[in-house]
*Asks:* 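This is the structure I have questions about; it appears just below.
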Amino acid sequence: ILMGNNKLEIILLKDHFNLLRISLGRNEFSLIKNGTIINLSKLEDLGLSENKIIEIETDAFQNLTSLKRLYLSSNPIERLEFLKNLPTLT
């Protein structure tokens, strides 16, 4: 799914079991709250580059058991605690 350049400020992705790739770059996200992206068991690539993300809450990403690549470049993220819930990243 390509959803970049849409000036999105809020996102909720839940229970879309067959998604492999999501590109959400170049939007207006500043906070990714707990439970925002969950139960996407086949998701391998998640692109969030070039947003305004300052914080990703610890449990924002849940049950992303196949996630290999998370793109976060060009965001002023202050803390990285959320990474502990993503052990499959390469």
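Hydrogens, waters and symmetry mates play no part in the numbers below; they use all other heavy atoms, side chains included.
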*Asks:* Would you say Glu57's side chain and Asn34's backbone share a donor-acceptor pair under 3.5 angstrom?
*Replies:* yes

*Asks:* Just wondering, are more than 12 heavy atoms of other shown residues or ligands nearer than 6.0 Å to CZ in Arg69?
*Replies:* yes

*Asks:* Kindly give the heavy-atom pair with the smallest separation between Lys52 and Glu28, and that separation in Å.
*Replies:* NZ-OE1, 2.7 Å

*Asks:* Backbone N or O of Ser73 within a donor-acceptor pair of the Ser49 side chain at under 3.5 Å?
*Replies:* yes

*Asks:* Going by the side-chain contact (heavy atoms from CB on, under 4.5 Å) test, name the single residue among Ile22, Asn63, Thr65, Leu20 that passes it with Leu40.
*Replies:* Ile22

*Asks:* Look up atom CG in Asn5 and atom CG in Leu8, then write down how far apart they are to the nearest 0.5 Å.
*Replies:* 10.0 Å

*Asks:* Assess whether atom CD1 of Ile10 is packed by more than 12 heavy atoms of other residues, nucleotides or ligands within 6.0 Å.
*Replies:* no

*Asks:* Please step through side chain to side chain contact (heavy atoms under 4.5 Å, CB included) for the pair Leu48 and Tyr71, ending with a clear verdict.
*Replies:* CA-CA 6 Å; Leu48 290 166; Tyr71 303 97; over 6 Å; no

*Asks:* Do we see a donor-acceptor contact under 3.5 Å between the side chains of Asn75 and Asn51?
*Replies:* no

*Asks:* Show your reasoning for whether side chain to side chain donor-acceptor pair (under 3.5 Å) applies to Asn39 and Lys14.
*Replies:* CA-CA 6 Å; Asn39 297 330; Lys14 180 178 175 182; over 6 Å; no

*Asks:* Could you walk me through whether Asn85 and Asp59 pass side chain to side chain donor-acceptor pair (under 3.5 Å), step by step?
*Replies:* CA-CA 7 Å; Asn85 292 330; Asp59 293 321; 3.0 Å; yes

*Asks:* Got a donor-acceptor contact below 3.5 angstrom from the Thr88 side chain to the Lys68 backbone?
*Replies:* no

*Asks:* Quick one: do Glu50 and Arg26 make a salt bridge, cutoff under 4.0 Å?
*Replies:* yes

